[in-house]
J.: 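Please see the structure below; I have some questions.
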Amino acid sequence: MSGDSLESLIESVQDWTESRRDSVRASSAQTALVVSCSMSDCEPREPLWPIDAAWNAVGVQTLGNQTRERYEGETVIDGDIAHLRNQYDIAAVLVVGHTRCEVLRDAYDRWVSPPPESPAGVQARLDPLVSLVEDGAEQGLFEESTSLRTRAYRLVEYNVSRQVRFLQQALPPSVTIAGYVHDQDGAYSSFPGKRYLVALDGATEPTEIRPRLPDDPSVQVGSLLN
């Protein structure tokens, strides 16, 4: 992905979020924010747990489904999420990644071979993901023999779990924070197209997540990291 393409994408996301802010209206229903990647064109066919049909679900699009940003040298909650918190009484936040995330692949490429220079807007949004790739490598997320495809899949899940962990620290404990991966390629099973719950509040181990869920077979729990 070129720097010009990313810059155009960032501008379009900013335009989308500004229009979203203008259209936001308060609601008496329980509200959940769904943070998805702006490069993903896959909308859930049905609400993801813990959202149900009676809830008010509000979408937030960010590059690489990021929930944080740098502001005056500090890491703070994403501005659109913060804005929506002032509009709604948030009961849950869902972070939804996807296995074909070109933004994360670009961050990986930049970690492997840093470009000589990038537009400031692109660099500001991608630097946190490049740092995340570096952290994942240091944590043993992949080895030299690990295929590029498997590295990409593991980074997608690692990114979701890290974004969930950040929100858990930034939001009140009454807010449920769940992380999903939309498996577009059959990385988690032989049947692509499903969404897997990979993080729930502070838990990432499937054996820790399952006991906290309702008796609902539609909630698929999975992990490529555990």
J.: Return yes if some donor-acceptor pair links the side-chain N/O of Tyr71 with the main-chain N/O of Asp78 below 3.5 Å, else return no.
T.: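 A pair under 3.5 Å: no.
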J.: Does a salt bridge link Asp109 with Arg105, judged by any charged N lying under 4.0 Å from a carboxylate O?
T.: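 Judged by the 4.0 Å cut-off on N to carboxylate O distance, Asp109 and Arg105 do not form a salt bridge.
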J.: Could you tell me if the side chain of Leu48 sits less than 4.5 Å from the side chain of Val96, heavy atoms only?
T.: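 In short, these two side chains touch, coming nearer than 4.5 Å.
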J.: If I take atom CG from residue Leu33 and atom CD1 from residue Ile90, how far apart are they, to the nearest 0.5 angstrom?
T.: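 Atom-to-atom, Leu33:CG and Ile90:CD1 are 4.0 Å apart.
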J.: In this structure, which one of Val164, Leu104, Val181 forms a side chain to side chain contact (heavy atoms under 4.5 Å, CB included) with Asn159?
T.: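 That would be Leu104.
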J.: So does Arg70 pair up with Asp127, basic N to acidic O under 4.0 Å?
T.: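 Salt bridge flag = no for Asp127 with Arg70.
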J.: Can you tell me how far the CG atom of Leu155 sits from the CG atom of Leu129, to the nearest 0.5 Å?
T.: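 Going from CG on Leu155 over to CG on Leu129, the span is 10.0 Å.
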J.: Between Ile177 and Leu167, which heavy-atom pair has the shortest distance, and what is it?
T.: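 Where Ile177 meets Leu167 most closely, the heavy atoms are CG2-CB, 3.9 Å.
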J.: Under 4.5 Å between side-chain heavy atoms, counting indirect links through other Ile/Leu/Val/Met/Phe/Trp/Tyr residues: same cluster for Val76 and Leu126 or not?
T.: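 No, no single cluster joins them.
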J.: Give a yes or no on whether the backbone of Thr204 and the side-chain of Asn226 come within a donor-acceptor separation of less than 3.5 Å.
T.: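 Yes, the answer is positive, given that a donor and an acceptor are paired below the 3.5 Å cut-off.
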J.: Could you go step by step and tell me if Gln30 and Trp55 meet the side chain to side chain donor-acceptor pair (under 3.5 Å) rule?
T.: CA-CA 5 Å; Gln30 283 189 297; Trp55 285 39; 3.2 Å; yes
J.: Has Glu74 got more than 12 heavy atoms of other residues, nucleotides or ligands less than 6.0 Å from its CD?
T.: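 Count not over threshold, so no.
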J.: When you measure from the side chain of Asp183 to the backbone of Pro192, do you find a donor-acceptor pair of N or O atoms at a distance under 3.5 Å?
T.: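 No, because the side chain of Asp183 does not come within donor-acceptor range (under 3.5 Å) of the backbone of Pro192.
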J.: Would you call the rings of Tyr108 and Phe142 parallel, tilted or perpendicular, taking 30° and 60° as the class edges?
T.: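 Correct class here is perpendicular.
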J.: Treating Ser161 as the side-chain partner and Tyr158 as the backbone partner, does any N or O pair qualify as donor plus acceptor under 3.5 Å?
T.: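 Indeed, once roles are kept as given, a pair shorter than 3.5 Å links the two residues.
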J.: Could you tell me whether the side chain of Gln184 and the main chain of Arg100 form a donor-acceptor pair under 3.5 Å?
T.: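 Confirmed, Gln184 side chain pairs with Arg100 backbone.
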J.: Are the side chain of Arg151 and the backbone N or O of Thr146 linked by a donor-acceptor pair below 3.5 Å?
T.: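 The answer is yes, because a donor-acceptor pair under 3.5 Å joins these two groups.
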J.: Under a 3.5 Å distance rule, please check whether Gln66 uses its side chain to pair with a backbone N or O of Leu63 as donor and acceptor.
T.: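 It does hold such a pair.
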J.: Taking Arg68 for the side chain and Thr75 for the main chain, is one N or O donor matched with an acceptor at less than 3.5 Å?
T.: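 Judged by distance alone, no pair lies under 3.5 Å.
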J.: Return the CD1 to CG distance between Ile209 and Leu197, rounded to the nearest 0.5 Å.
T.: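 The distance works out to 5.0 Å.
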J.: Would you tell me whether Tyr196 and Ser223 have side-chain atoms, one donor and one acceptor, within less than 3.5 Å of each other?
T.: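 No, Ser223 and Tyr196 have no side-chain donor paired with an acceptor closer than 3.5 Å.
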J.: Return the minimal non-hydrogen interatomic distance between Arg195 and Gly193, and the atom names on each side.
T.: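 Between these two residues, the closest heavy atoms are NH1-O, 3.7 Å.
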J.: Under the 3.5 angstrom rule, does the side chain of Glu69 hit a backbone N or O of Gly79 as a donor-acceptor pair?
T.: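 Judged by distance alone, yes, a pair lies under 3.5 Å.
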J.: Please confirm whether the backbone N or O of Ala187 pairs with a side-chain atom of Asp185, one donor and one acceptor, at under 3.5 Å?
T.: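 Checked: no pair found.
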J.: With no hydrogens and no angle check, do the side chains of Gln163 and Thr67 hold a donor and an acceptor under 3.5 Å apart?
T.: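 There is such a pair between these side chains.
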J.: Enter the distance from Asp201:CG to Glu208:CD here, rounded to the nearest 0.5 Å.
T.: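 So the CG of Asp201 and the CD of Glu208 are separated by 11.5 Å.
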J.: Supply the atom-to-atom distance Glu157 CD to Leu224 CG, rounded to the nearest 0.5 angstrom.
T.: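 With rounding to 0.5 Å, CD (Glu157) is 5.0 Å from CG (Leu224).
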